Protein chains: 2
Amino acid sequence: MSCVVTFKEKGFKLTPQRKLIMDIIHDDEAHLTIEKIITYVQERMPGVHKSTIYRTLELLEKTGCVYKSELGNQFIYHHPEEGHHHHLVCRKCGKSIDCDEDIFAPVERSIGAKYGFHIDFKHVIMSGLCKECRRKTS
Amino acid sequence: MSCVVTFKEKGFKLTPQRKLIMDIIHDDEAHLTIEKIITYVQERMPGVHKSTIYRTLELLEKTGCVYKSELGNQFIYHHPEEGHHHHLVCRKCGKSIDCDEDIFAPVERSIGAKYGFHIDFKHVIMSGLCKECRRKTS
DNA sequence: ATTATAATTACGACCAGGTGCAATAACAAT
DNA sequence: ATTGTTATTGCACCTGGTCGTAATTATAAT
């Protein structure tokens, strides 16, 4: 894994705890919540304290080894090599579909032009109503 | 306030605690954090329990009497009659500027067309780099 | 292989936010 | 005005997440 190299190059120590957490996020293609990560870690290496896990995740995020995005009121962790995309989640039926990465391009452009801000939309999770639920509700 | 009427029509009781919380949100044009709301409530009506405040805010949000948006890691409450707009926050200098309401219109349209989802962007808070900080950093 | 040292860990304490429950109070009907 | 009913409150407690600290351990230097 390239991120292990990056990680050590930045002067951080590769402890077994950190390695395990990296492995879990690397191997699991699903979207991992903190809860799941804590469970998996403690299954494979009992005694690891929750604060270690929280601090490791924070560090991995800072070093770019892990991406964190927000889904509803939870956070989700995933490997950066996954394709970047956004998510559409239906607030009625819960269905979630992936959404094209550059859907926000026009917004990024107009914010740049009008306000001078540079915004980078990454892994945005949008809550709304899907086609079916819109039909049923109205 | 129209929301008091709406609120009672939906069958909820208008307790002094609820009235006070509504008043505070209605009168304050600034963006109120939960912390501030708790402080103000307990100043004017000592003894009100924090759980009452949390539950009231949740209920007011559900009934549409109050809007809740997210700024960084905090939540902010405001009156629905306020003009809708988004926020641009610079992650370097912290500066925050208001952003036109319909900046997301093209995204809403293309998500509707491509995926059939209906997304309503309300009070979105975007973190990025402002003009000055972009110049300095690069 | 040993040792030095600086980062990292587990622990415990703490805080914000949330929940179940018995006591209380708002409102409707008389 | 009184009463009954049901929502709402305050309380106690729980949980997730954060932080300071002493003990531990990964790594580099010898």
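This is a predicted model, so every value here is computed, not measured.
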In terms of heavy-atom contacts, A:F7 and A:C65 come closest through CD1-SG, 4.3 Å
Just verifying a value: how many Å separate A:I38 CD1 and A:L32 CG, rounded to the nearest 0.5 Å? 11.5 Å
Return all side-chain donor-acceptor pairs below 3.5 angstrom for residues 44-57 of chain A, not counting sequence neighbours, or 'none' if the list is empty.
{"residue": "A:H49", "atom": "ND1", "partner": "A:S51", "partner atom": "N", "Å": "3.2"}
{"residue": "A:H49", "atom": "ND1", "partner": "A:S51", "partner atom": "OG", "Å": "3.0"}
{"residue": "A:T56", "atom": "OG1", "partner": "A:T52", "partner atom": "O", "Å": "2.7"}

B:D102 meets the side chain to side chain donor-acceptor pair (under 3.5 Å) criterion, sequence neighbours left out, with none
Smallest separation among heavy atoms of B:I103 and B:P106, with atom names: O-CD, 3.5 Å
In terms of relative ring orientation, are A:F104 and B:F104 parallel, tilted or perpendicular, with 30° and 60° separating the classes? perpendicular
Determine whether B:D27 and B:Y40 make a side-chain contact, defined as any pair of heavy atoms from C-beta on separated by less than 4.5 Å. no
State the NZ-CZ distance between A:K62 and A:F12, to the nearest 0.5 angstrom. 7.5 Å
What are the two closest non-hydrogen atoms of A:T63 and A:K10, and how far apart are they? O-NZ, 3.3 Å
Is it true that a side-chain atom of A:Y77 and a backbone atom of A:E61 form a donor plus acceptor pair closer than 3.5 Å? no
If you compare all heavy atoms of B:L14 against all heavy atoms of B:M22, which two are closest, and at what distance to 0.1 Å? CD1-CE, 4.2 Å
Steps toward side chain to side chain contact (heavy atoms under 4.5 Å, CB included) verdict (A:H87, A:D98): CA-CA 5 Å; A:H87 296 267; A:D98 286 359; 3.4 Å; yes
For the helix from C:dA1-D:dT30 to C:dT30-D:dA1, measure the angle between the helix axis at one end and the axis at the other, each built from five pairs, rounding to 10°. 30°
B/S/- along nucleotides 15-20 of chain D (protein heavy atoms under 4.0 Å) is -SBBBB
Using a heavy-atom distance cut-off of less than 4.0 Å, which residues of residues 10-17 of chain A contact DNA chain C? A:F12, A:K13, A:T15, A:Q17
Using the heavy-atom set of chain A and a strict 4.0 Å cut-off, write down the first and last nucleotide of DNA chain C that makes it in, 5' to 3'. C:dA6 to C:dG12
